[in-house]
Amino acid sequence: PLEDPVEIERCDLDVKTNSRKHHTELFGEERLIVRRGQPFTVILTAFGPQSSGLTPLVSCVSAGPLPRKESDTKASFTLSDSTSETEWSASATSDPSRKTVSVSIASSPNAPIGLYSLEVDQDGQKTSLGQFILLFNAWCPGDAVHMRSETKRQEYVLAQHGQVYRGTHKRIKGSPWNFGQFEAGILDICLKILDDNPKFVSNADQDCSGRRNPVYVSRVLSAMINSNNDRGVLVGEWGEFSGGVHPGVWIGSGDILRQWAESGPVRYGQCWVFAAVACTVSRALGIPCRVVTNFGSAHDTDANLVIENLYDEDGKRISGGDSVWNFHVWVDSWMTRPDLGQEFDGWQTSDPTPQETSEGVFCCGPAPVKAIKEGELTKKYDAPFIFAEVNADVMDLVQLSNGEFVKFSGSTKSVGRFISTKAVGSDDRHDITHQYKYPEGSKEERQVYEKAQHHNKLQQRGAEPGLHLKIKLADNMIVGSDFEVFAVLTNNHMKARTCNFLFFARAVGYNGKLGDGCGFASLHCVVCLFVFPERRLSLKLDYDSYGAAITSDRLIQLSAITVDKQTIDFCKAEKTIVLDEPQLEIKLLGEATLNQKVAAELTLLNPLPEPLQDCSFTIEGVGLTDSKPITAEYVAELTKNNQKRTKMSRSCDLELTHFLERCFCNRELS
């Protein structure tokens with residue numbers, strides 16, 4: 001090195017090369033975005049006759065409004081022969097002929113993520129070299145979010161589209177979702193979410209320091225994706241949607257995040273929207289993340305790990321706090337848990353849907369999936385609530401005229417079914433129930449439940465002699481059609497039973513909230529093993545009856561109840577049906593060619609006995625629609641069984657050939 005400081009004429013952040021090495025090229029080449037724990041290179045052009053070397057050079061990086069070494073938001077380090085894998089460090093090589101010096105800078109694998117400033121100090125002469133964004137690094141073995149599998153890193157960090165599963169456990173349907181974490185401006189919005197959280201506002205230094213820990217960041221996101229305690233991203237709504245967008249209309253995260261950045265909390269979201277947006281933000285920040293759907297998801301309000309369904313003597317439901325949602329959606333994020341021990345590393349469940357408060361804030365998690373499976377409910381955060389969502393027992397109680405509650409049925413198997421996420425590398429559904437719980441009814445599953453449930457043990461009951469109910473469904477139940485369902489009552493006891501046989505149909509939301517009734521049938525009957533061992537009660541569901549009652553979830557809850565008041569014996573069967581929706585067909589007109597317009601023809605068959613008005617088609621695709629949905633209005637009425645088409649074309653200015661291949665081969669038109 002020379003004795004006199006060398007004037008730095010220019011700094012090249014070498015964005016293209018660094019982005020490729022750090023798997024951030026999909027963000028574009030406008031600025032430097034790197035992942036922690038991995039070196040990146042900047043090229044300095046020196047000026048003057050002594051530019052073949054540098055004086056002892058100190059590099060400084062700083063993040064946040066109040067950078068401090070004690071908070072790990074500021075670091076200074078001198079040039080050495082090589083970089084370190086465990087702390088901020090730098091090394092340099094000179095090219096005297098070109099008057100350049102290549103400086104390799106390695107960040108700590110535990111450094112806080114965020115926006116950094118980079119400068120050099122030569123004997124007190126400071127020169128700013130620019131700014132860069134530092135993200136979590138699933139490719140770095142020293143990072144808490146490290147994943148060994150490249151295919152999983154491609155799926156859980158880099159994939160921009162996915163599937164979100166909804167429906168019921170017997171009729172699971174995947175819907176495409178455009179995460180779009182690499183779209184222009186999205187990363188800045190994700191960093192703004194961190195900066196707008198109340199913890200940053202109250203103590204910016206502590207909050208920025210906490211961003212080294214993906215557990216901390218995931219918990220902040222769990223609170224900030226909903227807007228209940230802050231100006232978070234989404235307003236939750238399960239009833240009236242005036243003044244906002246119905247949750248079922250969203251097909252991607254980009255629109256939601258951009259609206260929030262421009263004007264604050266976005267109306268409206270429900271669980272799958274909260275989860276999908278949380279997945280986008282997590283992947284953008286570098287945390288491997290997957291969207292998970294739990295069918296038959298319990299909401300245990302009193303934390304006793306039991307869902308109590310209360311009925312009066314006439315079989316009518318008494319409103320209570322507990323409920324079982326037809327499905328619920330959250331996210332799992334991959335990280336180590338040094339606060340809990342190595343055995344709890346791996347997937348951690350976080351739930352951004354505002355259900356219950358945790359430490360005074362509407363957030364939930366992260367809790368280790370391993371702790372949920374093993375019933376380790378003391379492990380942070382919110383393990384008891386999540387355990388109940390997948391493994392609570394259900395108890396049906398009838399309130400007698402004297403006020404006493406009597407159990408008449410229950411289930412240890414109806415909660416936590418077909419827990420689903422998108423498979424790695426394909427759009428297939430991957431069942432991950434085994435990761436959350438042991439097989440239902442197994443010795444291990446019951447042992448775990450008893451371990452978690454210290455004060456309320458419920459034993460699974462076998463089929464006892466007496467009355468039994470089941471519900472049978474029609475084959476084709478498409479929204480708009482009329483169909484018939486049946487409740488079947490059998491008696492395998494020697495003694496004849498005289499019962500009131502009741503069959504209800506009510507609209508229901510996916511969160512278990514009951515709506516208006518849309519069908520009822522009743523029968524006073526005698527059921528005898530030798531004469532009338534079986535009774536069938538039919539219930540016709542006409543569109544005229546259920547059409548105005550159902551929500552966009554297209555769910556109807558069927559409840560059959562028998563009441564034998566002489567023996568105070570009750571029997572119940574319940575089933576939730578999801579009505580099929582018409583298929584939307586997508587056809588490309590012509591060959592898809594790079595940087596050329598392509599027309600897509602969308603076809604919909606109206607199944608309703610009434611015309612549809614003010615219809616529109618919306619499509620969205622990564623790299624295809626300029627980072628925002630395209631909507632085409634259809635002005636004419638769409639009458640029953642009339643097949644209507646609309647053609648839409650849009651220029652797809654794609655910079656990378658593999659974008660085109662992935663989007664069209666996988667039909668990424670949402």
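Note that this is a predicted model, so its numbers are computed, not measured. Just so you know, these numbers use all the heavy atoms, side chains as well, and skip hydrogens, waters and symmetry mates.
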Less than 6.0 Å separating the ring centroids of Y156 and W347? yes

Please test E240 against S242 for side-chain hydrogen bond (donor to acceptor under 3.5 Å, both in side chains), starting from the C-alpha separation and ending with a verdict. CA-CA 6 Å; E240 174 57 49; S242 60; 3.0 Å; yes

Given H299 and F385, is the ring pair (Phe, Tyr, Trp, His ring centres under 6.0 Å) satisfied, shown in steps? CA-CA 8 Å; H299 184 169; F385 185 81; 5.6 Å; yes

Does K380 offer a backbone N or O that forms a donor-acceptor pair with the side chain of R337 under 3.5 Å? yes

Do the side chains of R290 and D332 get close enough for a salt bridge, i.e. N-O under 4.0 angstrom? yes

Tell me yes or no: between the side chains of H246 and S552, is some donor less than 3.5 Å from an acceptor? yes

Under the salt bridge (charged side-chain N to carboxylate O under 4.0 Å, His left out) rule, what do D195 and R211 come out as? Steps first, then yes or no, please. CA-CA 11 Å; D195 288 346; R211 296 180 192 179; 3.0 Å; yes

Would a distance-only check, ignoring hydrogens and angles, find a side-chain to backbone donor-acceptor pair under 3.5 Å from T336 to P338? no

Grab the two heavy atoms, one from C208 and one from G64, that are nearest each other, plus how far apart they are. SG-CA, 4.0 Å

Ion pair check, D188 and R31, cut-off under 4.0 Å: yes

I105 side chain near L118 side chain, heavy-atom distance below 4.5 Å: yes

Considering only heavy atoms from C-beta outward, does the side chain of I133 approach that of Y116 to under 4.5 Å? no

Decide yes or no for T280 and I186: does some side-chain heavy atom of the first lie under 4.5 Å from some side-chain heavy atom of the second? yes

Test item: D230 side-chain N/O and D196 main-chain N/O as donor-acceptor pair under 3.5 Å: no

For E150, is there an ion pair with R153 - N to carboxylate O distance below 4.0 angstrom? yes

Gap separating the CD atom of Q181 from the SG atom of C289, nearest 0.5 angstrom: 10.0 Å

Here the pair of heavy atoms bringing L579 nearest to V479 is CB-N, 3.9 Å

Are any non-hydrogen side-chain atoms of R429 and I172 less than 4.5 angstrom apart? yes

Check this for me, if you would: do D382 and R219 make a salt bridge, where the nitrogen-to-carboxylate-oxygen distance has to be below 4.0 angstrom? yes

Charged tip of R166 within 45° of W272 ring normal and under 6.0 Å: yes

With F295 via ring pair (Phe, Tyr, Trp, His ring centres under 6.0 Å) - residues at least two apart: none

Between Y165 and W177, does the ring centroid distance fall short of 6.0 Å? no

Any side-chain to backbone donor/acceptor pair from R231 onto M224? Under 3.5 Å, distance only. no

Under a 3.5 Å distance rule, please check whether Q355 uses its side chain to pair with a backbone N or O of C364 as donor and acceptor. no

Measure the spacing between OG1 of T433 and CD of Q435 and express it to the nearest 0.5 Å. 9.0 Å

Interatomic distance, CG@L234 vs CG@N228, rounded to 0.5 Å, equals 11.0 Å

List the steps and the verdict of side-chain hydrogen bond (donor to acceptor under 3.5 Å, both in side chains) for E183 and N178. CA-CA 10 Å; E183 291 178 2; N178 183 29; 3.3 Å; yes

Looking at CG of L135 and CD1 of I287, how far apart are the two atoms once the value is rounded to the nearest 0.5 Å? 10.0 Å

Looking at every heavy atom in both T73 and P112, which two are closest together, and how far apart are they? CG2-CG, 4.3 Å

Is the closest side-chain heavy-atom distance between T41 and N18 below 4.5 Å? yes

Quick check: closest heavy atoms across I586 and L602, and the distance to 0.1 Å? CG1-CD2, 3.9 Å

Could you go through the salt bridge (charged side-chain N to carboxylate O under 4.0 Å, His left out) check for R171 and D580 one step at a time? CA-CA 9 Å; R171 299 177 81 87; D580 291 330; 2.5 Å; yes

Please work out which of the three classes, parallel, tilted or perpendicular, describes the rings of Y510 and W238, given edges at 30° and 60°. tilted

Please check: side-chain N/O of N229 versus main-chain N/O of F362, any donor-acceptor pairing under 3.5 Å? yes

Salt-bridged, E581 to R554, with N to O below 4.0 Å? yes

E585 versus E601: any side-chain heavy-atom pair under 4.5 Å? no

Output all residues satisfying ring pair (Phe, Tyr, Trp, His ring centres under 6.0 Å) with W250, sequence neighbours left out; order by chain, then residue number. none

Atom pair CG (L285) and OG (S218), whose distance is rounded to the nearest 0.5 Å: 9.0 Å

Search all heavy atoms of L194 against all heavy atoms of D207 and return the closest pair with its distance. O-OD2, 4.0 Å

Does any N or O in the side chain of H22 come within less than 3.5 Å of the main-chain N or O of T24, such that one atom is a donor and the other an acceptor? no

Pair T576, N326 - check side-chain hydrogen bond (donor to acceptor under 3.5 Å, both in side chains), show working. CA-CA 8 Å; T576 299; N326 289 289; 3.3 Å; yes

Show the nearest heavy-atom pair for residues P39 and S104, with the distance to one decimal. CB-OG, 3.5 Å

Trace of the side chain to side chain contact (heavy atoms under 4.5 Å, CB included) decision for D351 with I386: CA-CA 9 Å; D351 190 350; I386 300 169; 5.9 Å; no

Under a 4.0 Å N-O cut-off, is there an ion pair linking K370 with D345? no

Charged N to carboxylate O under 4.0 angstrom, K16 versus E25? no

Any side-chain heavy atom of E155 within less than 4.5 Å of one from K422? yes

Side chain proximity check, L604 to F617, heavy atoms < 4.5 angstrom: yes

Donor-acceptor contact present, side-chain S358 to main-chain V361, <3.5 Å: no

Output yes when a side-chain donor or acceptor of R36 lies under 3.5 Å from a complementary backbone atom of L134, and no otherwise. no

Ring centroid separation for W139 and H23, is it under 6.0 angstrom? yes

Decide, yes or no, whether a salt bridge links R417 with D431 under the criterion of side-chain N to carboxylate O below 4.0 Å. no

What orientation do F241 and Y268 show, parallel under 30°, tilted 30 to 60°, or perpendicular over 60°? perpendicular

With a sphere of 6.0 Å drawn around CD of E237, does it hold more than 12 non-hydrogen atoms of other residues, nucleotides or ligands? yes

Nearest 0.5 Å please: distance from the CG atom of N294 over to the OG1 atom of T349. 9.5 Å

Could you tell me whether the side chains of T631 and T618 share a donor-acceptor contact shorter than 3.5 Å? yes

Is it the case that R35 places NZ or CZ above or below the six-membered ring of F136, under 6.0 angstrom from the centre and within 45 degrees of the axis? no

If only atom types and distance count, is the side chain of W325 paired as donor or acceptor with the main-chain N or O of N511 below 3.5 Å? yes

